[in-house]
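For reference, the structure discussed in these notes is given below.
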Amino acid sequence: MFTTRPEIRGTHGMVASTHYLASMAGWRMLEIGGNAFDAAVATGLALQVVHPYQNGPGGDLPIVLYNAATGKTEVICGQGVAPQAATIEAFNSMGLDMIPGTGLLAPCVPGAFDAWMLLLRDYGRLPLREVITPAIGYARDGYAVVPMMRSIIEGVAELFRTAWTTSAEQWLPNGNVPNVGDMHRTPVLAATYQRLLDEAESKGGDREDTIEAARKVFYEGFIAEEIDKFCRETEWLDSSGEKHGGLLTADDMANWNATIEAPASYDYDGYTVCKPGVWSQGPVFLQQLALLKGFDIAGMDPLGPDFAHTQIECAKLALADREAWYGDPAVNDVPIETLLSEDYNNARRALVGETASTEFLPGSPDGRNPALAEFSILDPNAKQAPGAGEPNAAKAGIGEPNAAHNADGDTVHCDAADREGNMVACMPSGGWLQSSPTIPSLGFCLGTRAQMYWLQEGFPTTLQPGIRPRTTLSPTLALRDGAPYLAFGTPGGDAQDQWALTMFLRHIHHGYNLQEAIDAPNFHTDHLPSSFYPRTFQPAAVKAENRFPPETIEELRRRGHVITMVGDWASGRMVAVGREHDGHGWVLKGAAHPRFQEAYAVGR
């Protein structure tokens with residue numbers, strides 16, 4: 001099969017990410033004696049700089065890792081919680097029945113930095129200075145503007161000039177949209193991280209002490225203070241069409257920390273697949289596997305209509321359960337064991353028919369009746385922009401990821417593996433430059449993950465102060481015979497666990513190597529209430545890349561799928577690292593998507 005680049009193979013180490021400069025930052029850690037976890041942290045911090053339109057220091061982060069020293073697979077939850085002032089009553093008093101998708105009302109506690117520091121402290125071995133230096137250098141010295149970055153900044157340039165002036169100062173050099181190839185610099189962000197490093201090191205102590213001091217600087221020091229001040233003292237236009245200040249406080253930040261927990265997992269065809277828990281959409285991947293277990297996926301043409309139809313219909317069922325049942329387990333009794341059980345999925349599998357379902361069908365695990373928040377149905381044939389006529393949609397799409405640039409995504413991904421057997425998959429997101437005005441004293445903006453809460457009472461994702469939203473962020477780690485085999489993932493919001501699943505199935509069932517599985521044409525369904533403002537639902541909608549055989553698309557349409565063709569290379573931004581034994585020793589593998597001219601895997 002044709003591939004855009006080779007699958008990389010070696011024995012020393014492997015790093016793959018959605019930006020080539022970040023991959024190189026991670027690779028440097030392996031070359032100077034670090035392990036896969038050090039590499040992941042350096043890659044992640046660099047991604048906050050070179051991918052500012054898809055993640056940032058104000059965002060969030062789930063991590064799935066295999067620790068060779070203990071033989072354990074674990075999850076680090078870097079998903080921050082809702083501020084204490086973020087109540088349904090507070091939003092209703094502002095005349096809002098949905099949380100805006102942009103601006104200062106939508107941030108949760110920024111969780112990514114603490115998750116990176118927890119990974120570095122407990123699993124890595126390099127000092128903070130080594131892993132943060134590449135990020136500081138990219139921010140200070142510059143990085144080349146890629147096509148997607150220019151496209152996104154161009155889409156919000158007028159917003160920046162007229163409403164988000166602090167963002168204009170950082171992202172519109174001399175008042176202009178930067179050109180592809182220009183070197184873009186963010187010296188304020190470089191100064192923020194340099195000050196954080198200097199203050200942390202000034203406390204003295206060993207490696208772990210410095211990392212702990214850095215966590216305090218971010219969550220209790222000058223960074224938290226500046227975030228608190230910005231939220232209290234400024235107001236900015238958001239997706240509601242009105243100006244609002246923020247709810248996040250320094251106390252919210254000081255009272256939160258990243259945590260380590262067991263993964264959700266499922267055994268499928270000789271593999272144990274591990275995901276974050278039900279505070280993410282991660283178990284959707286596992287539920288799809290539980291449904292697909294009853295079909296002969298290996299016997300289907302991986303580019304044919306049966307393969308796509310079966311996966312789409314199973315995705316609809318799993319995503320319906322996500323909407324009905326998933327939420328922060330701190331306040332929700334999520335029946336995940338039943339949702340992954342054989343009896344439950346045998347019954348659900350019978351709902352997969354020969355034609356596309358137009359119904360939204362959550363199940364009834366343990367006899368419990370599902371309840372869904374009210375969402376709006378978007379007619380895919382209507383001549384209106386997404387959000388038109390929807391609640392709070394007067395300015396729908398202001399700075400919103402996936403609004404003006406549907407295929408551009410809103411997240412990044414990185415994976416790393418080393419010769420010692422460590423492996424890690426990370427999915428940083430949030431704090432996009434187009435999501436919230438830049439904090440001028442820090443050089444970054446806050447996230448907008450709170451838009452995933454409902455302001456309707458009585459649902460698993462109903463807003464409550466101090467709980468996690470049910471995110472779309474979903475890295476994957478697969479074991480084979482108890483050993484780490486594959487770490488992978490893709491940005492893409494609600495499509496993450498569809499695009500990544502297609503890659504996984506083609507790899508394990510059809511013999512595609514990692515690069516072939518990533519390069520192959522992809523598809524996903526939007527038959528679900530979107531996790532992002534304005535939360536619309538598109539019955540039977542499917543988006544597919546143009547490279548599918550025409551006869552496949554024709555047959556899918558005959559079966560009732562409402563298909564939109566989205567370009568040759570528009571769906572998915574998968575990256576992956578793998579590990580297998582060739583009879584002589586362990587071989588490491590890496591691959592990255594060619595879409596949008598950004599991602600690379602490196603290794604030797």
Just checking, is any N or O donor in the side chain of [X] or [Y] under 3.5 Å from an acceptor N or O on the other one?
{"X": "His51", "Y": "Glu598", "value": "yes"}
{"X": "Ser441", "Y": "Glu226", "value": "yes"}
{"X": "Ser17", "Y": "Ser23", "value": "yes"}
{"X": "Ser531", "Y": "Arg470", "value": "yes"}
{"X": "Asp251", "Y": "Thr249", "value": "no"}
{"X": "Asn522", "Y": "His524", "value": "no"}
{"X": "Thr448", "Y": "Thr102", "value": "no"}

On a heavy-atom basis, which atom in [X] and which in [Y] lie closest, and how many Å separate them?
{"X": "Pro107", "Y": "Leu248", "value": "CB-CD2, 4.5 Å"}
{"X": "Ala115", "Y": "Gly78", "value": "CB-CA, 3.7 Å"}
{"X": "Val566", "Y": "Ser571", "value": "CG2-OG, 3.5 Å"}
{"X": "Pro534", "Y": "Met98", "value": "O-CE, 3.3 Å"}
{"X": "Ala541", "Y": "Thr525", "value": "O-OG1, 2.8 Å"}
{"X": "Val575", "Y": "Ala599", "value": "CG1-CB, 4.1 Å"}

With sequence neighbours left out, write down each residue that passes side-chain contact (heavy atoms from CB on, under 4.5 Å) with [X], or none if nothing qualifies.
{"X": "Asp141", "result": "none"}
{"X": "Ala139", "result": "Val49, Thr186, Ala190"}
{"X": "Tyr600", "result": "Arg5, Tyr20"}

Give me each pair satisfying side-chain hydrogen bond (donor to acceptor under 3.5 Å, both in side chains) with a member in residues 106-119, each pair once, sequence neighbours excluded.
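For residues 106-119: Asp114-Arg215.
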
Side-chain touch [X]/[Y], heavy atoms, less than 4.5 angstrom:
{"X": "Phe222", "Y": "Val217", "result": "yes"}
{"X": "Cys77", "Y": "Thr259", "result": "yes"}
{"X": "Gln170", "Y": "Pro440", "result": "no"}
{"X": "Ile467", "Y": "Val81", "result": "no"}
{"X": "Gln84", "Y": "Pro465", "result": "yes"}
{"X": "Val75", "Y": "Trp279", "result": "yes"}
{"X": "Leu433", "Y": "Phe160", "result": "yes"}
{"X": "Thr234", "Y": "Leu104", "result": "yes"}

Check: [Y] main-chain N/O paired with [X] side-chain donor or acceptor under 3.5 Å:
{"X": "Tyr193", "Y": "Ile132", "value": "no"}
{"X": "Asn174", "Y": "Asn176", "value": "no"}
{"X": "Trp164", "Y": "Leu237", "value": "yes"}
{"X": "Gln434", "Y": "Tyr53", "value": "yes"}
{"X": "Arg573", "Y": "His413", "value": "no"}
{"X": "Arg535", "Y": "Gln451", "value": "yes"}
{"X": "Ser151", "Y": "Pro147", "value": "no"}
{"X": "Asn55", "Y": "Pro428", "value": "no"}
{"X": "Ser435", "Y": "Gly447", "value": "no"}
{"X": "Tyr219", "Y": "Pro110", "value": "yes"}

When rounded to the nearest 0.5 angstrom, what is the spacing between [atom1] in [X] and [atom2] in [Y]?
{"X": "Asp252", "Y": "Leu247", "atom1": "CG", "atom2": "CG", "answer": "9.0 Å"}
{"X": "Leu477", "Y": "Phe488", "atom1": "CG", "atom2": "CZ", "answer": "8.5 Å"}
{"X": "Gln538", "Y": "Thr564", "atom1": "CD", "atom2": "OG1", "answer": "8.0 Å"}
{"X": "Thr536", "Y": "Leu528", "atom1": "OG1", "atom2": "CG", "answer": "9.0 Å"}

Arg121 atom CZ: more than 12 heavy-atom contacts under 6.0 Å:
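Atom CZ in Arg121 is crowded, with more than 12 foreign heavy atoms closer than 6.0 Å.
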
Which is it for Leu446 and Cys231 under the side chain to side chain contact (heavy atoms under 4.5 Å, CB included) test, yes or no, and what are the steps along the way?
CA-CA 10 Å; Leu446 295 172; Cys231 288; 3.7 Å; yes

List the residues meeting ring pair (Phe, Tyr, Trp, His ring centres under 6.0 Å) with [X], not counting sequence neighbours, and say none if there are none.
{"X": "His184", "answer": "Trp171"}
{"X": "Phe91", "answer": "none"}
{"X": "Trp27", "answer": "His12"}

Pairs satisfying salt bridge (charged side-chain N to carboxylate O under 4.0 Å, His left out), at least one member in residues 428-439, at least two apart:
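Output for this query is empty, none listed.
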
May I have all residue pairs that pass salt bridge (charged side-chain N to carboxylate O under 4.0 Å, His left out) and include part of residues 157-182, sequence neighbours excluded?
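Passing the test, one end in residues 157-182: Glu158-Arg161.
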
Tell me, please, which residues at least two apart from Glu201 pass salt bridge (Lys or Arg N to Asp or Glu O under 4.0 Å).
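Applying salt bridge (Lys or Arg N to Asp or Glu O under 4.0 Å) to Glu201 gives Arg129.
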
Between Phe218 and Met253, does a side chain to side chain contact (heavy atoms under 4.5 Å, CB included) hold up when you go through it step by step?
CA-CA 9 Å; Phe218 196 101; Met253 295 186 62; 3.9 Å; yes

Which residues pass the side-chain hydrogen bond (donor to acceptor under 3.5 Å, both in side chains) test with Arg468, sequence neighbours left out?
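Arg468 satisfies side-chain hydrogen bond (donor to acceptor under 3.5 Å, both in side chains) with Asp328 only.
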
Starting from the C-alpha separation in whole Å, work towards a yes-or-no answer on side chain to side chain contact (heavy atoms under 4.5 Å, CB included) for Leu96 and Glu242.
CA-CA 10 Å; Leu96 299 173; Glu242 304 294 333; over 6 Å; no

Can I get a per-line list of side-chain donor-acceptor pairs under 3.5 Å for residues 57-65, giving both atom names and the distance, sequence neighbours left out?
from: Asp60; atom 1: OD1; to: Arg449; atom 2: NH2; distance (Å): 3.2
from: Asp60; atom 1: OD2; to: Arg449; atom 2: NE; distance (Å): 3.2

Which of these passes side chain to side chain donor-acceptor pair (under 3.5 Å) with Arg322: Asp497, Asp494, Thr472, Thr461?
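When side chain to side chain donor-acceptor pair (under 3.5 Å) is applied between Arg322 and each of Asp497, Asp494, Thr472, Thr461, only Asp494 qualifies.
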
Apply the test side chain to side chain contact (heavy atoms under 4.5 Å, CB included) to residues Gln54 and His19: give CA-CA distance (whole Å), side-chain angles for both, the deciding distance (0.1 Å), then the verdict.
CA-CA 11 Å; Gln54 293 170 329; His19 197 288; over 6 Å; no

